[in-house]
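All heavy atoms count here, side chains included; hydrogens, waters and symmetry mates do not. Start at 1 and go down the list; that is how both ligands and their atoms are numbered.
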Amino acid sequence: MQHDSKVVQQYQRAREFLAGGVSSSTRLNQAVGHAMLFAKADGCRVWDLDGRDYFDLCCSHGATLLGHGDARVRAAVESALDCGAPCSYESEIHAELAQELCESVPCLDLVRFTGSGTEATMHCLRLARAYTGRQKFIRFEGNFHGYHDQVMFSGETLGGLCPTLKPISAGVAAGLSEHIVQVPYNNPELLELAFQRWGDQLAAAICEPVYYNAGCILPSPEFMATLRRCTERAGTLLIFDEVLSAFRMGPGGAQEYLRVTPDLCTLGKAVGGSFPLSVFGGRREIMNRLMPTGDCQHSGTYNGHPVMVAAALAAVRTYRAAGFYEHIREIAATLFPGIRELFKKHKVVGRVQGLGARFGIYFGVTDEVRNYQDAQQHDRAKMLRFIAAAIQHGVYFHDYGGAACHHGFCAAMTQTDVAAVLQRLDLALAQTNA
Ligand SMILES: Cc1ncc(COP(=O)(O)O)c(C=O)c1O
């Protein structure tokens with residue numbers, strides 16, 4: 001982007017007072033070297049400060065599934081504001097939203113509302129420890145569960161079990177990694193082994209049931225069956241972190257799609273209809289360990305803010321309405337093959353893996369990407385060139401840094417929009433190859 005662009009100028013200005021020029025570290029788009037500053041959004045499009053328009057294939061990192069400025073969400077928010085939005089109190093719509101969620105997502109008997117996906121995974125892990133009286137938990141290599149200290153670790157298993165984990169941020173409390181057993185994704189044999197060694201010490205196994213944080217990786221049926229069987233046998237709680245996968249491919253999330261019911265799950269991003277609300281919940285007897293019925297703490301002044309609850313209620317009702325996922329499937333059925341066709345046309349080696357409204361692009365990879373190690377094989381330099389070219393031609397993708405990225409579309413996208421996106425990506429791929 002040119003230095004006289006308003007986006008770049010205002011990003012530089014922000015850096016004077018906002019640490020790193022951003023409110024969230026990963027908001028810097030590494031493909032262009034600055035954050036993107038948008039002035040306006042409508043449906044599947046966003047406009048930057050210079051007035052340039054983009055089809056949004058980041059979709060607020062997954063929070064926008066209906067579309068920007070959705071009229072149903074807006075009406076719900078306005079009606080909550082009209083009532084004075086009594087903050088930090090319960091109201092009728094809290095129970096209404098809870099009921100919609102419990103009717104929609106298989107594992108949910110009871111839910112709690114919280115602010116972010118990070119809080120939701122933090123509370124699930126605390127609750128699992130309270131319920132089982134155990135300390136350790138299993139996580140899967142590369143899966144992402146937010147920013148609290150318990151989950152801020154990585155370590156490449158290189159096909160093995162439980163490497164020495166390293167914090168992925170400075171300042172993480174020492175000693176926490178002792179409680180983590182890390183296993184490669186989609187490896188049922190090593191998962192069995194982990195349960196043989198540590199099963200009686202494991203409070204939880206937390207996983208992304210569809211591993212979208214490395215693009216889009218589906219769990220094998222054998223891996224899922226082993227995970228459910230081993231957790232049940234060991235008395236370990238299975239937690240599906242559905243912050244990104246919830247509502248992406250169906251109203252019951254990945255657990256409904258995969259027909260595997262966890263003990264607890266998180267919902268985030270799309271659940272709030274582009275407003276900040278996350279959810280955790282699960283089996284009644286586990287959730288009843290929360291105060292005031294039980295002894296495990298979950299509180300917060302802004303939990304279940306009425307504006308966010310109203311937005312989420314409008315969003316969830318729309319996801320549950322007839323026809324919503326037919327449209328998602330129809331868009332996916334033209335967008336994903338359309339990108340693959342463009343790869344062929346431009347002789348680009350690469351894969352598109354998608355499910356529902358989210359997908360990953362892996363340059364330089366031909367075989368199915370099944371885990372973190374596979375995803376790491378993608379040609380990152382080429383991906384950065386592609387994203388920069390796509391942005392130049394009016395399609396917004398975000399690069400988070402690190403592993404392969406996840407991209408997505410929203411329900412406001414029409415087939416006419418898909419055709420326009422593909423036209424722009426045609427130009428972008430020609431430039432990437434040049
Ligand atoms: C699977 C998963 N869990 C947790 C989180 C953290 O959510 P939040 O950014 O709302 O704190 C994310 C965010 O990307 C996520 O993808």
Ligand 1 polar-atom proximity to protein (N/O, under 3.5 Å):
from     : atom 1 : to     : atom 2 : distance (Å)
ligand 1 : 3 (N)  : Phe144 : O      : 3.4
ligand 1 : 3 (N)  : Asp241 : OD1    : 3.3
ligand 1 : 3 (N)  : Asp241 : OD2    : 2.7
ligand 1 : 10 (O) : Gly117 : N      : 2.9
ligand 1 : 11 (O) : Gly117 : N      : 3.4
ligand 1 : 11 (O) : Thr118 : N      : 2.9
ligand 1 : 11 (O) : Thr118 : OG1    : 2.6
ligand 1 : 14 (O) : Lys269 : NZ     : 3.0
ligand 1 : 16 (O) : Asn213 : ND2    : 2.9

Using atom types as modelled, flag every donor-acceptor pair under 3.5 Å from a side chain in residues 303-318 to any protein atom, sequence neighbours excluded.
from   : atom 1 : to     : atom 2 : distance (Å)
Asn303 : ND2    : His298 : NE2    : 3.1
His305 : ND1    : Val307 : N      : 3.1
Arg317 : NE     : Glu100 : OE2    : 3.0
Arg317 : NH2    : Glu96  : OE1    : 3.1
Thr318 : OG1    : Ala314 : O      : 2.7

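- Across Gly199 and Thr236, no two heavy atoms sit closer than the pair O-OG1, 3.8 Å.
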key: Stepwise salt bridge (Lys or Arg N to Asp or Glu O under 4.0 Å) check, Arg248 with Glu242   = CA-CA 9 Å; Arg248 209 60 61 184; Glu242 296 230 38; over 6 Å; no
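- Considering only residues two or more places apart in sequence or on other chains, Asp53 meets the salt bridge (charged side-chain N to carboxylate O under 4.0 Å, His left out) condition with Arg45, Arg424.
- A donor atom on one side chain and an acceptor atom on the other are found under 3.5 Å apart for Thr64 and Ser274.
- Residues satisfying the side-chain hydrogen bond (donor to acceptor under 3.5 Å, both in side chains) criterion with Gln392, sequence neighbours excluded, are Gln431.
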